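Read the structure below first, then the notes.
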Amino acid sequence: MVEMLKGIAASDGVAVAKAYLLVQPDLSFSKVSVEDTAAEEARLDDALAKSTAELQQIRDKAAQTLGEAEAQVFDAHLMVLSDPEMIGQIKQNVTDNKVNAEAALKEVTDMYIGMFEAMDDNAYMQERAADIKDVAKRILAHLLNVTLPNPSMINEEVVVVAHDLTPSDTAQLDRNFVKAFVTDIGGRTSHSAIMARSLEIPAIVGTMEITAKVKAGDILAVNGIIGDVIVNPTDDQAAEFVEAGKAYADQKAEWEKLKDAETVTADGKHFELAANIGTPKDLEGVHNNGAEAVGLYRTEFLYMDSPDFPTEEDQYKAYKAVLEGMAGKPVVVRTMDIGGDKELPYLKLPHEMNPFLGYRALRISLSELGDDMFRTQLRALLRASAHGNLRIMFPMVATLKEFRTAKKMYEEERQKLIDEGVEISNEIQVGIMIEIPAAAVLADKFAKEVDFFSIGTNDLIQYTMAADRMNERVSYLYQPYNPSILRLIKNVIDSAHAEGKWAGMCGEMAGDQTAVPLLVGMGLDEFSMSATSVLKTRSLMKRLSTTDMQELAKRALEDCDTMEEVVELIEQYVK
């Protein structure tokens, strides 16, 4: 049956393909008595064999795409599957208590998990508890004849459907096969949407009900430009979407002609267009889209894609690869922004009512828990600085004291390396991400001590408006053009310029085609965005007069009371 749904357009592009449900299946069961215990043991053996084959396939794929080190986590899972003592206890439970394999599996694995989790002074044993949980879930799924979704194993063209996608889920998507994704929740600035734009995968978020409306194998037509989804479209509807996809491809071809062009306005003023990346692999998109710099390297993916804390050497190699790959062009590296919805299984953080306002990013780095992790990252960055034009940025800075503490740690590690005879660049800039209103208001004070600002509008807007950017019910309050937001941004830019410093923006607003004219008028120096937005932004800037945009910005800041009035004003200036 044809059904039309509307969501938030999160990543441009159009696709028609069958649905792949990235939804956790129901693994509930009842404990029942059995007479034929041999048959139950045979069921268990079958589930074990299927789990082993599946994990071996996943391991091989991980080794191929992520590297041998990352694949080793699955070796531990395979060892659990072949542990004769644990498997023997499960079978003994079936035989002695005459219970079904599901109940026997849960009882024995719960015992092991509880035993290992109780060893809170032994990180290795606690990791084994996590391994057993994962393996038990896989065995149980096979006993119940249900499929556990695994995005890394997709090998045909699909549209991924999920309640939400974590950053690690999104990082596993192979754009050769994943043609789009659609979620129940989220907003245009949710991490899954940002990753989709980096991967150039069409995406629609915040549909509220896609997982309830779609079955695996249904055909989905997705238009990530306008936010429309059709479930099981007619042939004519599917053809319309295919045609829209071709039109978008033609538009992209026009933008690509500007790949090697300079970013200048109609009256000749140059602005720097940079790209946001998550891994060294993203440099391909940076170069293909003609970006002039990397304005945000999200280093947390190094941590999230690793089974344990990445070593100094691992990080050094990743940072060196990006710096060398940019061949002297600026690279702004954000120190790890863990916390919020970006969790590490090997870093035990306290449960918090509101983690986005809690213990995250620089707050972890400056704590006793994060001290070694932060210093290791700083050393790796300092060592890599000899290979390019490095700029280091601290995230989630609220007070000058936080910045001074982080800068002091940076200077300490720098001096240690110099004393060791390590080559380090003398041209490293150290700045902060402006994403907390307190820092935006106090920008004039920060500007005296930092080398640059990069405005993180995704969080700045949600904190200023007190509206969770992941919550589609309050998405109407995510207002990048609200005069209050514009005044904060203007204060940051003016404060930087007063001290001879530069101000950039690495939030999604930097590539927002409605916001760009305003930001040009405010004098923003650097615009960093998803690589896929660079060429269309360059095309837009070529049509803008700096003088006219300055007048637009002045009127928006002084005369407008609402976001709607600002948008109406922009439309008068930009045809």
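Given the structure is predicted, the values throughout are model-derived calculations rather than measurements. Below, all heavy atoms of this structure are taken into account, side chains as well, without hydrogens, waters or symmetry copies.
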For this session: Please confirm whether the backbone N or O of Thr546 pairs with a side-chain atom of Asp267, one donor and one acceptor, at under 3.5 Å?
Result: yes
Problem set entry | Residues Arg360, Asp337: salt bridge by 4.0 Å N-O rule | yes
Problem set entry | Minimum-distance pair of heavy atoms, taken over all atoms of Ala19 and Lys215 | CB-O, 3.9 Å
Problem set entry | Exam field: side chain Asn289 to backbone Ala291, donor-acceptor pair closer than 3.5 Å | no
Exercise. Can a donor-acceptor pair be found between the side chains of Tyr20 and Glu156 at a distance below 3.5 Å?
Worked result: no
Exercise. Is the backbone of Ile230 close enough, under 3.5 Å, to the side chain of Gln237 for a donor and an acceptor to pair up by distance?
Worked result: no
Exercise. Within the distance-only criterion (no hydrogens, no angle test), does the side chain of Asp525 pair as donor or acceptor with the backbone N or O of Ala503 below 3.5 angstrom?
Worked result: yes
Exercise. Looking at Phe271, does the NZ or CZ of Lys269 lie under 6.0 angstrom from its six-membered ring centre and within 45 degrees of the ring axis?
Worked result: yes
Problem set entry | Other residues, nucleotides, ligands: >12 heavy atoms within 6.0 Å of Glu427 CD | no
Problem set entry | Shortest non-hydrogen contact from Ser545 toward Ala266 | N-CB, 4.4 Å
For this session: Step through the shown structure and confirm whether more than 12 heavy atoms of other residues, nucleotides or ligands are within 6.0 Å of NZ on Lys246.
Result: no
Exercise. Within a strict 4.5 Å, meaning less than it, do heavy atoms of the Lys501 and Phe446 side chains meet?
Worked result: no
Problem set entry | Modelled atom types, side-chain donor and acceptor of Glu272 and Trp502, under 3.5 Å | no
Seminar exercise, completed: Nearest heavy-atom approach of Ala9 to Gly224 is CB-O, 3.2 Å
Exercise. Short question: side chain of Ser539, backbone of Trp255 - any donor-acceptor pair under 3.5 Å?
Worked result: no
Exercise. Does the side chain of Ser454 reach to within under 4.5 Å of the side chain of Arg391, using non-hydrogen atoms?
Worked result: no
For this session: Would you tell me whether Thr263 and Arg538 have side-chain atoms, one donor and one acceptor, within less than 3.5 Å of each other?
Result: yes
For this session: Indicate the atoms forming the closest heavy-atom contact of Ala274 with Gly295, along with that distance.
Result: CB-N, 3.5 Å
Problem set entry | Over 12 non-hydrogen atoms of neighbours within 6.0 angstrom of CG in Asp250 | yes
For this session: Look only at the side chain of Arg298 and the backbone of Arg334, and say whether a donor-acceptor pair between them is shorter than 3.5 Å.
Result: no
For this session: Would you check, one step at a time, whether the test salt bridge (charged side-chain N to carboxylate O under 4.0 Å, His left out) holds for Lys257 with Glu254?
Result: CA-CA 6 Å; Lys257 294 175 182 176; Glu254 280 299 309; 2.9 Å; yes
For this session: With the side chain counted from C-beta on, respond yes when Cys560 and Arg555 share a heavy-atom pair under 4.5 Å apart, and no when they do not.
Result: no
Exercise. Counting N and O atoms only, with roles assigned by atom type, does the side chain of Asp184 sit under 3.5 Å from a partner on the main chain of Thr211, one being a donor and the other an acceptor?
Worked result: yes
For this session: Could you tell me whether the side chains of Asp236 and Thr234 share a donor-acceptor contact shorter than 3.5 Å?
Result: no
For this session: Salt-bridge test for Lys536 and Asp12: reply yes if a basic N is under 4.0 Å from a carboxylate O, no otherwise.
Result: yes
Exercise. Can you find a pair of side-chain heavy atoms, one from Met509 and one from Ile489, that are under 4.5 Å apart?
Worked result: yes
Exercise. Is a side-chain donor or acceptor of Glu526 paired with a backbone partner of Leu524 at a separation under 3.5 angstrom?
Worked result: no
Exercise. Going by atom types only, do Asp164 and Thr183 share a side-chain donor-acceptor pair under 3.5 Å?
Worked result: no
Exercise. Any side-chain heavy atom of Tyr481 within less than 4.5 Å of one from Leu569?
Worked result: no
Problem set entry | Salt bridge Lys18-Asp218, side-chain N to carboxylate O under 4.0 Å | no
Problem set entry | Other residues, nucleotides, ligands: >12 heavy atoms within 6.0 Å of Glu284 CD | no
Exercise. Taking atom types as modelled, is there a side-chain donor on Gln57 or Asp60 under 3.5 Å from an acceptor on the other?
Worked result: no
Exercise. Between Glu200 and Lys252, is there a side-chain N and carboxylate O pair less than 4.0 Å apart?
Worked result: yes
Exercise. Do other residues, nucleotides or ligands put more than 12 heavy atoms under 6.0 Å from the CD atom of Glu568?
Worked result: no
Exercise. Do Gln479 and Ile485 come close enough that some side-chain heavy atom pair is under 4.5 Å?
Worked result: no
Problem set entry | Considering all heavy atoms, the nearest Ala384-Lys320 contact | CB-N, 3.9 Å
Exercise. With distance as the sole test, does Thr562 use its side chain to make a donor-acceptor pair with the main-chain N or O of Glu565 at under 3.5 Å?
Worked result: yes
For this session: Report yes or no: does Glu300 contribute a side-chain atom to a donor-acceptor pair with the main-chain N or O of Met336 at less than 3.5 Å?
Result: no
For this session: Determine the minimum heavy-atom distance between Thr514 and Asp512, stating which atoms define it.
Result: N-OD1, 2.8 Å
